[in-house]
Enquirer: 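My questions all concern the structure below.
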Protein chains: 2
Amino acid sequence: MQQTDDDQAGLGGRVTSYDVARRAGVSQSAVSRAFREGASISAELRARIHRAAAALGYAPSHIARALMTQRSRLVGVLVTEATARNNPDILFHLGQHIQEAGNRMLVFTLPDDAAGDGILSDLLSYHVDGLIAATTLPEETLRRCARHGVPVVLYNRHGIAASVACDHTMGMRDLAAYLARTGTRDAAFIAGPQEAPVSEERHRAARAAFAEFGMTLRPAVHADYTHAGGHAATVAVLTGVAPPDTILCANDTMALGAIDACRHTLGLSVPGDVAIAGFDDVPQAGWPSYSLTTVAQPIPDLARAAVHLLVDQIDGRTTANERRLVPAALVVRASSRSAAAG
Amino acid sequence: MQQTDDDQAGLGGRVTSYDVARRAGVSQSAVSRAFREGASISAELRARIHRAAAALGYAPSHIARALMTQRSRLVGVLVTEATARNNPDILFHLGQHIQEAGNRMLVFTLPDDAAGDGILSDLLSYHVDGLIAATTLPEETLRRCARHGVPVVLYNRHGIAASVACDHTMGMRDLAAYLARTGTRDAAFIAGPQEAPVSEERHRAARAAFAEFGMTLRPAVHADYTHAGGHAATVAVLTGVAPPDTILCANDTMALGAIDACRHTLGLSVPGDVAIAGFDDVPQAGWPSYSLTTVAQPIPDLARAAVHLLVDQIDGRTTANERRLVPAALVVRASSRSAAAG
DNA sequence: ATGTCGCTTGCATACGCAGTCAATATTCTT
DNA sequence: AAGAATATTGACTGCGTATGCAAGCGACAT
């Protein structure tokens with residue numbers, strides 16, 4: 001029923017709506033309408049055309065359709081290597097939701113140093129209907145997107161566009177509250193690379209929260225978001241004079257490196273000698289060798305929200321520059337002191 | 001110099017080659033040629049047109065170009081959730097190489113149960129120039145791709161198409177040789193899900209290699225590729241009568257779960273009581289808390305090879321159905337017994 | 001029986017660009 | 001200096017589809 005004789009397309013090029021029209025004995029317009037939801041066409045004709053189309057293995061060309069309708073049903077996604085590595089599955093989740101909305105995901109990968117600007121004209125060349133940027137984009141680029149009518153949603157970033165972000169402030173506040181109750185007085189902060197916006201934001205949130213609870217947060221030590229980076233920074237911090245009682249890392253991977261540094265390089269106990277916390281709740285954080293206290297960043301929710309926000313903009317259903325905050329949840333595990341120890 | 005007055009595109013729709021032609025005082029054909037590498041046009045004219053184009057913020061439309069040239073410069077990539085999770089960064093690496101070859105990556109994500117067939121007509125609708133499938137595809141689908149002239153490269157899979165795969169046989173043989181030298185006599189194999197082709201292949205390679213070195217490899221215990229799955233399977237295997245002296249896992253994540261099961265649930269020492277090995281060399285395998293002996297699957301190389309193979313096919317430079325094997329490297333760490341212990 | 005209205009359908013055109021063909025400008029040859 | 005060869009350029013058409021417009025057609029009311 002599905003499989004009739006299929007495509008005799010052979011080598012004769014692709015099957016077009018004209019071929020279907022000829023076979024069904026109708027005009028090309030009718031074929032076009034048969035494949036356009038809600039078009040003015042009778043049920044019988046539509047059925048007949050669909051039969052002919054199935055027999056020929058015809059499917060409408062998105063390319064040609066895009067040219068006519070000015071809607072490509074393509075959503076551009078910008079990622080850097082660092083983003084891809086720190087947010088496992090982010091591309092997959094974005095892809096799922098983009099597809100559920102009837103679109104396709106066109107991925108633009110950038111080297112970490114970026115300058116996501118040069119890519120813009122390329123984006124426009126593909127007539128993307130919208131853009132999800134998990135990358136820092138210059139304001140000028142965002143303005144040009146707006147001028148060209150391309151909606152943009154920033155992922156875990158702020159800027160002159162709609163955005164979706166994890167509620168770092170709230171998450172960090174919950175974490176700080178817990179740490180305060182369990183004996184933290186003086187903490188070091190291991191940050192990501194200098195320019196990393198999420199690290200910046202988490203650091204800002206941490207400063208505010210630590211101040212609120214009367215704890216000291218030392219100036220940030222910058223690392224590179226990796227396990228090795230966290231390891232090295234931790235060794236540096238803890239071998240100085242007057243080591244802190246707690247190490248807070250801008251992401252889980254560095255926190256896991258910190259734990260390994262304590263246990264395997266410095267011979268310190270976690271959380272006995274020093275408490276350690278991260279941010280993200282990557283799968284490894286829950287593994288018994290680490291059992292890292294952290295704040296869960298709900299990537300599936302972020303992805304869903306980003307796509308919905310974008311689709312709403314594309315369909316003109318929403319005001320631009322809307323900002324959506326997705327809650328983050330504190331996850332207490334064994335790398336921080338227990339409540340009794342306070 | 002780059003930034004002139006840019007687009008006055010405002011709301012008047014997109015800038016076309018006609019707009020540029022008018023501004024530069026030439027024909028539309030000339031504009032087209034100015035943006036086509038190697039076209040017949042004088043250097044001065046080209047420069048003048050590029051100036052006009054820059055002033056207007058013009059870039060040729062890939063969509064329209066695709067319609068004319070029958071080349072979309074779009075490469076489709078098929079992934080399932082499991083693939084995305086087990087091969088971190090795979091999408092990113094594929095994207096990088098696809099872009100270096102002057103194409104763009106159009107991602108098709110599939111739920112794990114798949115049936116990657118329904119997606120084919122959609123693929124063809126986008127006129128993808130080629131396809132990289134990190135998914136199991138029915139033969140019929142592959143045949144239809146061939147009929148439609150869409151080259152396919154299978155990623156870590158075999159089938160009636162070109163393919164790129166990690167050399168599991170050689171990698172497993174090296175691992176088995178090392179294990180044999182260090183005291184392994186009787187090993188359990190923790191496999192992935194029933195249908196997973198890479199797990200199958202690694203299992204087959206392991207059986208052959210273990211036989212060659214005169215070691216026993218017990219029938220596979222199936223798990224789900226996750227840490228929790230490896231943990232549970234390990235507990236089951238080691239609490240039975242006559243536990244094995246070695247546990248070999250179809251991927252690293254399960255092997256890490258196995259280590260955690262031994263140390264944190266069963267109170268066993270690794271490798272003292274049981275040696276453990278995996279396959280992949282994910283970043284966590286090298287972290288000091290685990291230090292897992294494994295076989296490195298070079299994802300960047302696989303990605304590069306896949307893209308090159310595909311591009312060669314697209315450009316007609318290579319025979320179809322070519323198969324490329326990328327070497328895998330044994331990585332000896334502390335989860336297996338040391339050579340002296342043999 | 002005639003006019004009107006709503007639903008279908010076909011015709012013709014446009015979307016933005018690449019490439020063919022013929023015309024023109026340029027250079028080289030003897 | 002004239003003719004041949006070559007390098008540039010422009011007018012025009014087609015890639016595969018969507019849609020405005022007008023024509024056809026049955027139903028319905030008057």
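Numbered from 1 within each chain, the chains take letters A, B, ... in sequence-line order.
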Enquirer: With distance as the sole test, does Asp312(A) use its side chain to make a donor-acceptor pair with the main-chain N or O of Leu309(A) at under 3.5 Å?
Expert: no

Enquirer: Quick one: is Thr16(B) getting a side-chain N or O under 4.0 Å of the dG16(C) phosphate, OP1 or OP2?
Expert: no

Enquirer: Gln28(A) has a side chain; which of dG19(C), dT19(D), dG16(C) sits nearest to it?
Expert: dT19(D)

Enquirer: Respond yes when some side-chain nitrogen or oxygen of Tyr18(A) is under 4.0 Å from OP1 or OP2 of dG10(C), and no when none is.
Expert: no

Enquirer: If you assign each of Glu44(B) and Met68(B) to its closest nucleotide in DNA chain D, which residue comes earlier from the 5' end?
Expert: Glu44(B)

Enquirer: Both Arg65(A) and Val26(B) contact DNA chain D. Taking the nearest nucleotide for each, which residue is further toward the 5' end?
Expert: Val26(B)

Enquirer: Hey, is the side chain of Ser32(A) poking within less than 4.0 Å of OP1 or OP2 on dA18(D), counting only N and O atoms?
Expert: yes

Enquirer: From the set dA18(D), dG10(C), dT8(D), return the single nucleotide nearest to any side-chain atom of Ser27(A).
Expert: dG10(C)

Enquirer: What's the closest nucleotide to the Ala64(B) side chain, out of dA18(C), dG16(D), dC17(C)?
Expert: dC17(C)

Enquirer: Taking only the side-chain heavy atoms of Arg36(B) (C-beta and beyond), determine which of dC15(D), dG19(C), dT8(D) contains the nearest atom.
Expert: dG19(C)

Enquirer: Any side-chain N or O of Gln70(B) under 4.0 Å from OP1/OP2 of dG16(D)?
Expert: yes

Enquirer: With a cut-off of 3.5 Å and sequence neighbours excluded, list every side-chain donor-acceptor pair involving residues 52-69 of chain B.
Expert:
from     : atom 1 : to        : atom 2 : distance (Å)
Ser61(B) : OG     : His127(A) : NE2    : 2.9
Ser61(B) : OG     : Ile63(B)  : N      : 3.2
Ser61(B) : OG     : Ala64(B)  : N      : 3.1
Thr69(B) : OG1    : Arg65(B)  : O      : 2.8
Thr69(B) : OG1    : Arg71(B)  : N      : 3.2
Thr69(B) : OG1    : Arg71(B)  : O      : 3.3

Enquirer: Taking only side-chain N and O atoms of Ser42(B), does any of them lie within less than 4.0 angstrom of OP1 or OP2 on dT9(D)?
Expert: yes

Enquirer: Mind checking salt bridge (Lys or Arg N to Asp or Glu O under 4.0 Å) for Glu201(A) and listing every partner two or more places apart, or none if nothing turns up?
Expert: none

Enquirer: Taking donor-acceptor contacts at under 3.5 Å, does the side chain of Ser29(B) reach the base of dA11(D)?
Expert: yes

Enquirer: Please check if any side-chain donor atom of Thr83(B) sits under 3.5 Å from a side-chain acceptor atom of Thr80(B), or the reverse.
Expert: yes

